[in-house]
Amino acid sequence: MSTSVALPKQYDPSEVEARWLRFWLENGYFHSDESTATVPFAMTLPPPNVTGSLHMGHALGSTMQDILIRWRRMQGSNAMWMPGTDHASIAVHHLLERDLKRREGKTRFDLGREAFLERAWAWKEKSGNRISEQEKLMGFSLDWQRERFTMDEGSNRAVREAFVLLHEQGLIFRAMRMINWDPASETVVSDLEVDVVEESGHLWELRYPIVGGGEILVATTRPETMLGDTAVAVHPDDARYTALVGKEIELPLTGRRVPIVADSFVDPEFGSGAVKITPAHDPNDYECSLRVGLPVLQVIDRVGKMCAPAPEKYVGLTTEQARKAVVADLEAGGFLGEIKPHKVPRGRSQRSGAVVEPMLMEQWFVRASTLAGPAIAAVQEGKTKLVPEEWTKTYMHWMENIRDWCISRQLWWGHRIPAWYCASCAHITVAREDPTACAGCGGAELRQDEDILDTWFSSALWPFSTLGWPDKTRALATYYPNAVLATAPDIIFFWVARMMMMGLHFLGKVPFRTVYLTAIVTDENGDKMSKVKGNVIDPLDVVFGATLDAMLARADAENAPEVAIKGIKKNFAKGVPAMGADALRFSLAALNTSGRYLRLSLDRVEGYRHFINKLWNASRFVLMNMDGYDAARFEALRANRGGWSLADRWILSRLQRVAAEVDAALEAFRFSDAANAIYQFVWHQLCDWYIELAKPFLLQGEPQDVARTTRRHVVQGVLASVLEHTMRLLHPFAPYVTEEIWQKLPKPAQLPESLMVTVYPRGDEHLVDVEAERDMAQLQEVAVAARMLRSTYGVPPAQTVTIEVRARPPALRALVTEHQALIEHTAKLRMTLCDFDSAPPSGAAKAMVGGELEIAMPLGGLIDPVTERARIAKDLGKTDKEIGGLEKKLGNADFLAKAPPDVVAEQRARLAEEQARRGRLQEALELLSQGGAEGA
RNA sequence: GGGCGGGUAGCUCAGCGGCAGAGCGUCGCCCUUACAAGGCGGGGGUCGCAGGUUCGAACCCUGCUCCGCCCACCA
């Protein structure tokens with residue numbers, strides 16, 4: 001038997017969350033077993049960068065994943081959620097090298113490869129698991145025993161295996177290509193890592209003297225590259241230049257002579273129709289040089305400075321300095337024509353921000369076009385579905401136009417390329433184990449390729465490398481393919497597409513059945529959160545709270561710029577209140593509609609914190625009233641349906657409906673629909689109505705009053721049971737508060753130790769009570785109408801009013817009579833039932849419910865005829881408008897002939913109701929005019 | 001230059017052929033013993049513009065317009 005439990009009036013998440021997190025972890029509830037026979041449901045967490053800390057994008061994505069995994073686990077699936085972190089090659093370099101520069105004034109080259117890597121590992125050991133700790137605090141039920149890292153032994157082995165296999169198959173190769181060079185990080189970056197921005201620059205016109213007389217005009221946005229020119233090209237059909245093709249020009253400043261060539265890529269309409277050709281530093285020019293057969297002269301080096309064979313005086317200058325010098329010298333020599341402002345697209349490295357230099361270099365590539373085929377087919381055939389579906393086009397478009405993927409990087413932190421060059425022959429040995437001899441000539445003098453692999457190479461293998469591949473493990477057999485991958489749309493190309501290609505290639509199966517693309521979290525103004533703008537809402541600040549001073553101190557420690565400090569002061573003037581993980585999680589779910597962006601503001605989260613608190617207090621109320629309750633006895637009463645009221649039947653029916661709604665919504669990844677359905681149920685059905693209706697029955701009566709005691713027991717049981725099931729429904733969204741409440745609720749003995757391993761409710765159609773829902777809805781309308789009259793006339797709460805209810809249909813009369821107490825309690829007044837055709841007292845305020853029930857509130861002299869007339873006239877106006885529309889529709893022969901019969905019948909019924917309503921309202925208005933005249 | 005998404009209440013967004021909705025904000029009344037982080041009630045919309053299809057359009061089609069985003073080697 002249960003006794004009352006007292007809870008604090010305000011919910012304090014901090015203590016509760018820490019306690020249950022420990023409990024879940026200690027009891028291994030997050031762990032999954034690949035040998036379990038139940039249906040597997042596996043997901044892989046997109047591994048965050050080891051450099052990172054949890055940001056709102058992670059919080060959103062991971063909350064949606066945790067909702068799915070907790071939901072499926074409760075449904076009985078073998079739910080596995082794989083955690084891990086990514087070594088994030090460039091990001092780590094960036095961070096460590098910046099630090100090295102600041103503290104010791106050194107570069108990574110001063111330190112050397114080995115020493116640098118030592119530091120990197122030390123740093124990783126020290127701060128690499130910070131983000132995992134943060135994920136735990138959010139309540140994410142990741143299977144921590146499986147936690148992996150993209151540079152751990154298993155991943156290393158998978159990377160080697162994949163590289164070697166692809167190389168054997170000719171899908172990885174080494175080639176001289178035009179690549180994107182980041183001179184700040186001194187590495188190649190892939191096409192995806194370059195952001196092209198249109199910047200304002202200039203178009204310089206250069207006048208190249210032709211050998212033998214005359215000149216030819218060329219235009220360029222990068223005059224400094226002329227030092228590497230090896231030709232001038234014109235269109236072969238351009239009559240202006242036909243005679244010049246084959247002649248040479250005297251390339252200013254260099255003393256070189258280069259030919260005038262014809263190539264059809266030249267647009268005769270642009271500028272002069274002649275273009276300078278710099279094969280080493282422009283992709284177009286390089287292509288042209290291949291077609292025409294021109295030498296390639298590299299005049300810009302790895303750090304973005306001019307180098308030989310550029311003339312001595314320019315060597316060592318940055319491209320920017322060189323530009324000034326070259327322009328000045330050209331001008332001095334009379335080689336400069338017009339200079340016009342011009343928009344130039346400029347590629348910048350995403351990570352370093354440096355202007356990317358197109359360079360011709362030998363690098364390793366993945367032949368993506370071959371791998372893309374199956375990845376395209378799999379999506380076309382629906383083996384993998386993208387949700388929301390719109391993203392399919394984006395994926396397809398990119399895949400169909402995919403280019404070879406440059407995978408080598410001139411960095412140190414990462415997977416070193418398993419290729420060895422031989423001192424005595426040209427053979428390149430690619431091997432799983434470090435070789436001791438050249439596979440070509442047997443020579444012993446081998447040198448391993450200095451480069452490492454693009455971080456995304458190991459990420460591409462992640463869905464199966466984490467499950468033991470290349471070994472054929474039980475885990476791989478059970479959890480591959482994953483059920484769902486949830487990630488942000490900005491890494492569809494970087495990651496999703498590449499996992500699809502690699503997964504299909506190595507396993508012959510798609511890596512996941514559904515890709516759920518999350519929204520991008522922005523601030524309340526729709527701006528992307530950025531540290532520079534100072535508008536970043538840190539998820540853990542929301543959970544634990546943060547003062548403005550603490551936020552500023554943190555920004556200062558990160559050397560945030562002045563604008564960021566200003567932004568923080570403006571956006572977080574009062575700091576961030578502590579709201580708990582549940583409030584944040586629920587907010588993210590409730591605001592996550594199918595749009596591409598999710599605007600988050602602290603106000604919104606605060607609103608949902610109110611919801612958590614509301615739930616807390618409703619539970620408090622229930623627990624305060626559980627004296628003498630016995631769950632077993634209730635189950636017996638439930639079996640024979642003894643003593644059930646309309647309200648009991650109604651709330652239980654509503655519970656079934658909300659469970660069905662949540663189930664359907666989660667199946668369709670409609671998280672906001674699911675969250676809002678629960679919100680609506682808890683607040684507006686359970687709290688606003690059922691708990692209010694329960695109150696009178698919870699009062700302790702005389703023990704010998706058996707009927708009353710039984711009734712009380714039923715109400716207690718309904719409350720406890722509905723609340724218990726509500727906790728289950730809500731648990732994936734707000735795991736902590738629901739566990740806390742659930743543990744305290746009186747409940748049948750056979751349930752497990754934790755809410756998170758109970759069975760998730762599914763809506764049961766048989767338990768939906770249509771009649772109870774319909775009756776309850778009508779009674780609610782009556783109560784609401786009565787409250788409206790009361791509120792309109794400002795009847796003081798202390799004043800007892802008796803309303804008169806007039807209803808025409810006998811069933812409605814019976815319903816109202818039977819549930820008089822319900823109406824009186826919820827509208828806080830007394831009521832009498834009168835004959836429909838009897839006249840209400842003069843000076844009564846009136847309201848209609850539908851067309852056949854009227855409420856009259858006698859107010860004696862208190863009624864204000866002006867207010868009342870205006871109110872009723874407005875109501876009448878609306879009704880007239882409705883009738884007008886309906887009559888027009890029903891008067892239309894086409895409508896009657898072509899619309900489905902049920903629609904026609906429905907419209908007829910509505911018309912009848914509206915007409916009845918109009919009659920009654922008109923009467924009221926007339927009566928009021930007489931009464932009003934008398935009164936005045 | 002191509003492609004994608006969006007314009008619905010003051011704000012944020014659902015609805016995507018059959019009575020225009022929610023949350024928040026706003027206004028009025030109320031400390032009614034679960035909750036003032038609360039209760040009750042009210043007001044608020046030519047569904048971006050113009051055509052078309054349909055018995056019927058916020059919803060489907062066409063054009064226009066404005067706002068985002070992604071892709072693209074034009075000097």
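Throughout, a chain's letter reflects where its sequence line sits, starting with A, and its residues are numbered from 1.
- Closest-nucleotide positions on RNA chain B for A/Arg222 and A/Tyr11 were compared, and the one nearer the 5' end corresponds to A/Tyr11.
- Between the side chain of A/Asn284 and the base of B/C73, at least one donor-acceptor pair of N or O atoms lies under 3.5 Å.
- Where RNA chain B pairs in unbroken runs of 3 or more (Watson-Crick or G-U, both distances under 3.5 Å), the stems are B:1-7 with B:65-71, B:10-13 with B:21-24, B:26-30 with B:38-42, B:48-52 with B:60-64.
- For the pair A/Asp523 and A/Lys533, the salt-bridge criterion is not met [side-chain N within less than 4.0 Å of a carboxylate O].
- With salt bridges taken as basic N to acidic carboxylate O contacts below 4.0 Å, one links A/Glu740 and A/Lys744.
- Of the C1' atoms belonging to B/G17 and B/C61, the separation is 13 Å, rounded to the nearest Å.
- Ion pair A/Arg917/A/Asp875 flagged as a salt bridge, since at least one NZ, NE, NH1 or NH2 atom sits closer than 4.0 Å to an Asp/Glu carboxylate oxygen.
- Whole-Å rounding puts the A/Glu390 CD to B/C16 P distance at 14 Å.
- The pair A/Arg291-A/Asp263 counts as a salt bridge, with a side-chain nitrogen and a carboxylate oxygen less than 4.0 angstrom apart.
- Under 4.0 Å is where a charged nitrogen must lie from a carboxylate oxygen, and between A/Glu357 and A/Arg222 at least one such pair does.
- One can place CG of A/Asn676 at 12 Å from C1' of B/C24, the figure rounded to the nearest angstrom.
- A salt bridge links A/Glu199 with A/Arg346: the closest approach of a Lys/Arg side-chain nitrogen to an acidic carboxylate oxygen falls below 4.0 angstrom.
- B/C19 atom C1' lies 13 Å from atom CG of A/Leu890, rounded to whole Å.
- With respect to A/Glu692 and A/Lys695, a salt bridge is recorded, a charged nitrogen being found less than 4.0 Å from a carboxylate O.
- Contact annotation: side chain of A/Lys614 to base of B/C35, donor-acceptor pair present below 3.5 Å.
- Summarising the geometry, the separation between OH on A/Tyr679 and P on B/C13 is reported as 18 Å, rounded to the nearest angstrom.
- If you find the closest nucleotide of RNA chain B to A/Lys874 and to A/Tyr597, the one lying nearer the 5' end belongs to A/Lys874.
- Closest contact between the side chain of A/His610 and the listed nucleotides B/A34, B/A37, B/G23 involves B/A37.
- Between the CZ atom of A/Arg787 and the P atom of B/G41 there is a distance of 5 Å, rounded to whole Å.
- Side-chain atoms of A/Asp267 come within donor-acceptor range of the base of B/C74, with a qualifying N/O pair under 3.5 Å.
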